[in-house]
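Some notes on the structure that comes next.
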Amino acid sequence: MNKARTRFAPSPTGDLHIGGIRTAIFSWLLARSTAGEFYVRLEDTDQERYVAGAARRIMQSFDWLGIDLDGGPDHAELATMKADEDYAGALVDGEAKGVPGPFVQSHRLPIYKQWSEWLVEHGFAYRANETPEELQRMREAAQAQKQTFVFREEMRIRTDIQPDEPHVIRMRVLPRDGRVEFDDLVKGHVGFENANVDDQVLLKMDGFPTYHLAVVVDDHLQGVTHVLRGDDWLPSAPKHVLLYRYFGWPQPAWAHVPNVLGTDGKKLSKRHGAQSVFEFRDQGYIPEALINFLALLGWAPGGGDEQNVFTRAELFAKFSMAGVGSSPAVFDYNKLDWLNGVHLRRLEVHDLANRLIPFLEKEGIAIDSDARREMLVKIAPHISERIKKLTEAAPLVDFFFADIATPPADMLIGPKMEKHLSLHALRTSIALIEKVTPFDDATLEKSLRDLCNDLQLKPNQLFSIIRNAVTGKSVTPPLFATLAILGRETVLERLARAEKQLQAG
RNA sequence: GGCCCCUUCGUCUAGUGGUUAGGACGCAGCCCUUUCAAGGCUAAAACACGGGUUCGAGUCCCGUAGGGGUCACCA
């Protein structure tokens, strides 16, 4: 496979959506799987829709996901963006791997001006200046006749436009009656009648290019080999194919990837739940899982390979455009949750503990000392198979870090047991736990199991009493490890309080 | 409405003319088990419909239906 140079080109109008991220992931994987380059370009050609801070947050999304770039806006470039804050990350070195910048389209205005004039000079474009109202009337007229509206130069109301007066530049679709056909890596061979292709505005009255001119010019100048984008772009692809022809530039490979749908089969939106990368992050998903899941949404290794869980290195090795499907995919939270659990369990304990900290602190469990950090590290392996998301950890560990309310008496009576029997079991356990040595997982297990025999109790009967007394909950990490981590002193203190409670109740 | 795209279990998918249509998530059951999980095993579950082509069609062709996208001096 030849090296692919791909790009992701969001417009800074808000946070990156999950659908956009998936397109970015495909582009990134294509580049990495071919030892090519992947870079980011900011398409800020619409002055009206620009959102301050969006550019920075987009770059941070890549940062958090661990999607590495070979080019993109650097500090200096980002800092010049209208009303933007400084970008705090340090992941992009503007032209890291020889992709020429600038990477922000508003910094490239002279380039678009130059190439649009080139098109006019060579007969591939012309000047026009109809007002929005005039255009609207034309559209309505076409609509009334159930026709596709296409602007053509003879429809111009003013034809004597001078280069120095306000005007737009429109592409001239040629020939009038042909067809534009091209091969798409995911959609196959597609074709459009020229008669249905609009004489698209390329350069706006304000001197900014439209998307159509800007992508073509930038992708060519920046050496993009594969144009990956959402398939909502497919209807305008013929315009781009034509532009490449007019310029005499080699066509890139086209790949229009299907959209991501919500559970109801509609395009993913707010009511389907999380949308932006940051929302997923805050809900306790980890990048490893998100990337794995998104890659699988619309792509499969094929060839009888039935792997579902992938590390990023495995994705680099196995990704190929041939495996990208042509139909839209429904976003399935069940599978994401499962994958998140799988990847959580693969994390090294210190790594897991570190990722847990902010989520615990949000629940009021401060991990603010070395002792507490060490305790978390000991706990981590015992909860990793009990949580699917980082947000689920707090209720499983809170009793390690804060004292508990003494459980009510009825919680301290074992299943199918009487009060006096439970009280006896509790007292014997206390006596035993006072002298168990060493106070570790294995020894505690052995001693307490022996005690079950002595008392002729089922493990569940004795253990549930101790669990409830020490943790205040009926669902916890494994009991013996829990006791060992908590330490003899704390365990005995809680057991003593429980004994008192049960006796009184 | 015009143009374009899409259609295998509920969901993500494998499949490239001959398969008991495979896997994963979820769901159900069983096993394991100190709780909850994790893990193991088993089960239920799909080729949208109608015509062709062919000895033979999920796979090729044509329709139909359904879904989606797009028709801006927005991307």
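Every chain is numbered from 1, with letters handed out A, B, ... down the list of sequences.
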- Quick one: label A/E43 by what it contacts on the DNA or RNA (base, sugar-phosphate, nothing), any heavy atom closer than 4.0 Å. sugar-phosphate
- Nearest heavy-atom contact between A/R179 and A/E181 is NE-OE2, 2.8 Å
- Could you check whether A/S474 gets within reach of a base, just the sugar-phosphate, or nothing at all, counting any heavy atom under 4.0 Å? base
- Taking atom C1' in both B/G15 and B/A46, what distance in whole Å separates the two? 13 Å
- Message: Between P on B/C4 and CG on A/N196, what's the gap in Å once rounded to a whole number?
- Response: 7 Å
- Task: Check whether the side chains of A/Q105 and A/D218 place a donor and an acceptor atom closer than 3.5 Å, and report yes or no.
- Result: yes
- Integer-rounded Å distance: B/U11 C1' and A/D337 CG: 13 Å
- Run the ring-centre check on A/F310 versus A/H343 and record whether the distance is less than 6.0 Å. no
- Query: Mind checking whether A/Y333 and A/Y285 have parallel, tilted or perpendicular rings, split at 30° and 60°?
  - Reply: tilted
- Give the ring-plane orientation class for A/W254 versus A/H256, where under 30° counts as parallel, over 60° as perpendicular and anything between as tilted. parallel
- Query: How long is the line joining NE2 of A/H256 and P of B/C3, in whole Å?
  - Reply: 20 Å
- Message: Can you confirm whether or not the ring centre of A/F280 sits under 6.0 Å from the ring centre of A/F331?
- Response: yes
- Task: Look at all strands and tell whether A/G230 reaches a base, only sugar-phosphate, or nothing, counting heavy atoms closer than 4.0 Å.
- Result: nothing
- Taking atom P in both B/A28 and B/U33, what distance in whole Å separates the two? 23 Å
- Note on the structure: Value for CD1 (A/I383) from CZ (A/F400), rounded to nearest 0.5 Å, stands at 8.5 Å
- Separation of the P atoms in B/G10 and B/A45, to the nearest angstrom: 11 Å
- Identity of whatever pairs with B/A24 - Watson-Crick or G-U, under 3.5 angstrom: B/U11
- Item | A/T45 side chain near B/C74 phosphate (N/O to OP1/OP2, under 4.0 Å) | no
- Message: Run the side chain to side chain donor-acceptor pair (under 3.5 Å) test on A/N194 and A/R176 for me, step by step, so that the C-alpha distance in whole Å, both residues' side-chain angles and the decisive distance to 0.1 Å come before the verdict.
- Response: CA-CA 6 Å; A/N194 284 13; A/R176 290 286 179 94; over 6 Å; no
- Message: Rounded to whole Å, please give me the gap between CG in A/L296 and P in B/A14.
- Response: 10 Å
- Note on the structure: Taking a pair to mean Watson-Crick or G-U wobble geometry with both distances below 3.5 Å, B/A44 pairs with none
- Protein-nucleotide distance (A/M411, atom CE; B/U35, atom P), rounded to Å: 15 Å
- Across the strands shown, which category fits A/P12 at heavy-atom distances under 4.0 angstrom: base, sugar-phosphate, nothing? nothing
- Across all strands shown, which nucleotide pairs with B/U59 by Watson-Crick or G-U wobble geometry, both distances under 3.5 Å? none
- Message: Are A/F480 and A/F463, when compared by the centres of their aromatic rings, separated by less than 6.0 Å?
- Response: yes
- For nucleotides B/G51 and B/U59, find the distance between their P atoms and express it as a whole number of Å. 14 Å
- Query: Between B/A72 and B/U13, how far is it from one C1' atom to the other, in whole Å?
  - Reply: 38 Å
- Note on the structure: Whether each nucleotide of nucleotides 24-34 of chain B has a protein heavy atom under 4.0 Å at its base (B), only at its sugar-phosphate (S) or at neither (-) is summarised, 5' to 3', as BBS-------B
- Task: To the nearest Å, give me how far apart CG (A/D218) and C1' (B/A75) are.
- Result: 14 Å
- Message: Could you tell me how far B/A75 sits from B/G58 if I compare only their P atoms? Round to whole Å.
- Response: 47 Å
- Task: Give one of base, sugar-phosphate or nothing for A/G298, where a contact means two heavy atoms less than 4.0 Å apart.
- Result: sugar-phosphate
- Query: Between A/S447 and A/D450, does any side-chain donor sit less than 3.5 Å from a side-chain acceptor?
  - Reply: no
- Item | Pairwise P distance for B/C27 and B/A37, with rounding to whole Å | 11 Å
- Task: Could you state the atom-to-atom distance from CG of A/L339 to P of B/U11 in whole Å?
- Result: 18 Å
- Task: Report, as a single string ordered 5' to 3', how protein heavy atoms within less than 4.0 Å touch nucleotides 61-73 of chain B: B base, S sugar-phosphate only, - not at all.
- Result: -------SBS-SB
- Find which nucleotide of RNA chain B each of A/S327 and A/P301 is nearest to by heavy atoms, and output the residue with the more 5' nucleotide. A/S327
- Message: Taking the cut-offs as 6.0 angstrom to the six-membered ring centre and 45 degrees off its axis, would you call A/R41 and A/F8 a cation-pi pair?
- Response: no
- Are A/E43 and A/Y211 close enough, and set up right, to give a side chain to side chain donor-acceptor pair (under 3.5 Å), and what steps lead you there? CA-CA 8 Å; A/E43 309 218 322; A/Y211 170 84; 5.1 Å; no
- Query: On RNA chain B, nearest-nucleotide positions of A/A9 versus A/R179: which is more 5'?
  - Reply: A/R179
- Do A/T476 and A/R467 meet the criterion of a side-chain donor-acceptor pair at a distance under 3.5 Å? yes
- Message: Centroid separation under 6.0 Å, is that true for the rings of A/F26 and A/W299?
- Response: no
- Query: Paired with B/C71 by Watson-Crick or G-U wobble geometry, both distances under 3.5 Å: which nucleotide is it?
  - Reply: B/G1
- Task: Determine the interatomic distance between P on B/C12 and the same-named atom on B/U7; round to the nearest Å.
- Result: 12 Å
- Item | Value in whole Å for how far the C1' atom of B/U35 lies from CG of A/L448 | 15 Å
- Message: Using Watson-Crick or G-U wobble geometry with both distances under 3.5 Å, which nucleotide pairs with B/U53?
- Response: none
- Counter-base of B/C32, judged by Watson-Crick or G-U geometry with both distances under 3.5 Å: none
- Any residue of residues 181-194 of chain A with a heavy atom less than 4.0 Å from an atom of RNA chain B: A/K187, A/V190, A/G191, A/F192
